[in-house]
Amino acid sequence: MPELPEVETTRRGIEPFVLGRAVEAVAVRQRQLRWPVPEDLPDRLRGKAILRLARRGKYLLFVVEGGALLAHLGMSGSLRIVLGDEPLKKHDHVDIVFAGGACLRYHDPRRFGCLLWVPGDPLAHPLLAELGPEPFDAGFTGEYLHAAAQGRATAVKTFIMDSHLVVGVGNIYANEALFRAGIDPRRAAGRIGAGRYAELARLIREVLQQAIAQGGTTLRDFVNASGKPGYFQQTLAVYGREGLPCVLCGGPIRSVRLGQRSTFYCPRCQH
DNA sequence: CAACGGACCTGCCTGC
DNA sequence: TGCAGGCAGGTCCGTT
């Protein structure tokens with residue numbers, strides 16, 4: 001479900017309800033996520049105010065005095081604010097109740113996400129320390145991509161989805177950015193020139209920025225923090241459109257598998 | 001190192 | 001209608 005735009009949409013939706021608020025209680029109904037929810041998480045958070053709600057890649061960081069709650073939504077997770085009584089649904093695994101009554105509810109059918117306690121500086125955590133630059137960082141440039149690609153035989157789509165290279169480019173937006181750049185997703189990363197990488201870096205930023213502005217992409221039942229869907233799905237040019245006409249040339253969109261992920265492209269427009 | 005496959009889970013859709 | 005199989009927005013980890 002969540003790629004960077006969905007996580008950022010979630011962050012923005014939640015922020016006003018949690019910033020400066022103290023955690024009153026944490027209810028963990030299912031500990032077995034990607035990694036077990038630490039048993040002492042409720043004790044770590046209780047009574048502490050959220051000082052900052054940051055995002056690093058697709059991770060969310062609820063920073064409190066002395067550490068942070070590190071959250072990831074995996075493939076199927078969501079975080080939403082619940083005000084008042086709302087019956088629990090299946091897979092509502094964790095509630096974080098704030099002073100004043102707002103409740104942050106973590107829902108994740110596949111349980112690929114995580115909720116971890118990180119003491120001290122959260123960016124020093126092993127999951128975050130080795131991540132590549134944010135796509136909106138000054139360091140994320142065509143030159144950076146071009147330099148990192150030298151000698152790499154892997155497909156360019158697999159290459160740009162590696163979070164150690166750059167964070168936040170998931171399957172949907174990798175497909176969309178490569179379409180906009182006119183680059184065949186199967187092309188070897190090391191066989192693409194600096195000029196094309198400059199365009200690709202720009203278009204990765206563009207597609208993510210647009211998706212954030214539209215509240216993310218809603219597939220199946222994704223809803224953001226306020227329970228509303230995202231509208232970027234209407235903007236998708238290739239993702240999920242196998243056999244449908246290319247928005248540029250009218251030819252059929254083709255699908256292949258790359259690195260065990262569905263890949264969509266226009267064979268006439270992408271080389 | 002780089003590249004690849006498996007692993008973690010549930011739900012939904014398709015086809016027999 | 002039931003059931004098996006394949007697929008899904010992520011990404012870590014172990015093996016070549």
Side-chain angles (χ1 to χ4, degrees), chain A residues 1-11 29-37 55-60 70-79 89-94 106-116 125-132 135 147-178 186-191 204 207-208 211-212 214-224 229-236 238-243 255-264:
Chain A
M1 169 192 318
E3 292 195 31
L4 186 147
E6 289 71 39
V7 176
E8 179 61 21
T9 297
T10 298
R11 193 194 69 75
R29 288 174 289 270
Q30 168 62 273
R31 290 189 58 214
Q32 300 309 312
L33 305 184
R34 170 145 202 193
W35 296 287
V37 178
R55 179 187 58 72
R56 178 73 176 97
K58 297 170 193 166
Y59 292 91
L60 287 172
L70 178 60
H72 196 288
L73 303 177
M75 292 272 261
S76 59
S78 63
L79 276 170
K89 294 191 190 126
K90 198 174 181 183
H91 308 303
D92 281 344
H93 301 315
V94 177
Y106 178 83
H107 175 91
D108 187 2
R110 293 178 73 181
R111 288 188 271 134
F112 286 179
C114 65
L115 293 173
L116 298 172
H125 190 278
L127 288 171
L128 304 185
E130 306 300 321
L131 291 177
Q150 293 318 296
R152 299 287 299 271
T154 194
V156 61
K157 173 163 175 273
T158 309
F159 177 66
I160 60 171
M161 287 180 69
D162 179 357
S163 63
H164 300 286
L165 177 80
V166 56
V167 296
V169 185
N171 200 32
I172 295 178
Y173 303 112
N175 279 298
E176 295 299 312
L178 287 165
R186 301 166 300 174
R187 178 177 280 271
R191 297 181 151 273
I204 286 171
V207 79
L208 293 174
I212 292 169
Q214 293 179 51
T217 300
T218 295
L219 300 178
R220 301 201 171 81
D221 61 348
F222 174 75
V223 288
N224 63 26
Y231 294 95
F232 192 76
Q233 184 170 23
Q234 300 161 16
T235 311
L236 298 178
V238 287
Y239 183 83
R241 299 193 66 245
E242 182 180 12
S255 170
V256 292
R257 279 189 93 71
L258 283 182
Q260 295 133 267
R261 309 303 297 274
S262 286
T263 301
F264 302 90

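Note on naming: letters A, B, ... go to the chains in the order of the sequence lines (proteins, then strands), and numbering restarts at 1 for each one. These figures come from a predicted structure and were not determined experimentally.
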Inset, instruction - List for me each residue that meets salt bridge (charged side-chain N to carboxylate O under 4.0 Å, His left out) alongside R55(A), sequence neighbours excluded, and say none if there are none. - result: E8(A), E134(A)

Legend entry - Presence of Y173(A) side-chain N/O under 4.0 Å of dG9(C) phosphate oxygens OP1/OP2: no

Inset, instruction - For F112(A) and dC8(B), say yes or no: do the ring centres fall under 5.5 Å of each other while the ring planes differ by less than 30°? - result: yes

Legend entry - 5'-to-3' dot-bracket of DNA chain B (Watson-Crick, G-U; under 3.5 angstrom; crossing pairs as [ ]; | other strand): .|||||||.|||||||

Inset, instruction - Assign L33(A) to base, sugar-phosphate, or nothing according to its heavy-atom contacts below 4.0 angstrom with the strands shown. - result: nothing

Inset, instruction - Assign R257(A) to base, sugar-phosphate, or nothing according to its heavy-atom contacts below 4.0 angstrom with the strands shown. - result: sugar-phosphate

Inset, instruction - Assign F159(A) to base, sugar-phosphate, or nothing according to its heavy-atom contacts below 4.0 angstrom with the strands shown. - result: nothing

Below 3.5 Å between N/O atoms, which protein atoms pair up with nucleotides 1-3 of chain B? Just atom names and distances, please.
{"residue": "dA3(B)", "atom": "OP1", "partner": "A153(A)", "partner atom": "N", "Å": "2.8"}
{"residue": "dA3(B)", "atom": "OP1", "partner": "T154(A)", "partner atom": "N", "Å": "3.1"}
{"residue": "dA3(B)", "atom": "OP2", "partner": "R152(A)", "partner atom": "NE", "Å": "2.5"}
{"residue": "dA3(B)", "atom": "OP2", "partner": "R152(A)", "partner atom": "NH2", "Å": "2.9"}

Legend entry - Rounded distance [0.5 Å steps], CZ in R186(A) versus OG1 in T158(A): 12.5 Å

Inset, instruction - Indicate yes or no for a side-chain donor-acceptor contact from T10(A) to the backbone of E6(A) under 3.5 Å, with no hydrogens or angles considered. - result: yes

Legend entry - Under-4.0 Å side-chain N/O to phosphate OP1/OP2 contact, H72(A) with dG10(C): no

Inset, instruction - Name the residue closer to the 5' end of DNA chain C, choosing between R110(A) and L131(A) according to the nucleotide with the nearest heavy atom. - result: R110(A)

Legend entry - ring pair (Phe, Tyr, Trp, His ring centres under 6.0 Å) against Y59(A), all qualifying residues, sequence neighbours excluded: H72(A)

Legend entry - Donor on one side chain, acceptor on other, N175(A) and Y173(A), under 3.5 Å: no

Inset, instruction - Taking E130(A) for its side chain and H164(A) for its backbone only, find out whether a donor-acceptor pair lies under 3.5 Å. - result: no

Inset, instruction - Tell me what Q260(A) touches on the nucleic acid: a base, only sugar-phosphate, or nothing, going by heavy atoms under 4.0 Å. - result: base

Inset, instruction - With sequence neighbours left out, write down each residue that passes ring pair (Phe, Tyr, Trp, His ring centres under 6.0 Å) with F264(A), or none if nothing qualifies. - result: Y239(A)

Legend entry - Candidates dC12(C), dT10(B), dG10(C) - which lies nearest the side chain of H164(A): dC12(C)

Inset, instruction - Determine the interatomic distance between C1' on dA3(B) and the same-named atom on dG9(C); round to the nearest Å. - result: 23 Å

Legend entry - Nucleotide nearest H91(A) when distance is taken to its side chain, options dT10(B), dT11(C), dG9(C): dT10(B)

Legend entry - Counterpart residues, ring pair (Phe, Tyr, Trp, His ring centres under 6.0 Å), relative to H91(A) (two or more places apart): H93(A)

Inset, instruction - Compare the minimum distances between each of dG11(B), dG9(C), dC12(C) and the side chain of E6(A), then state the nucleotide with the smallest one. - result: dG9(C)

Inset, instruction - Calculate the interatomic distance between E130(A) atom CD and dC13(C) atom P; express it in whole Å. - result: 11 Å

Legend entry - Rounded P spacing from dC3(C) to dC9(B) in Å: 24 Å

Inset, instruction - Using a 4.0 Å heavy-atom cut-off across all strands, classify R34(A) as base, sugar-phosphate, or nothing. - result: base

Legend entry - Backbone of R152(A) reached by a side-chain donor or acceptor of R191(A) within 3.5 Å: no

Inset, instruction - Report yes if at least one side-chain N or O of R261(A) is closer than 4.0 Å to OP1 or OP2 of dC7(C); otherwise report no. - result: no

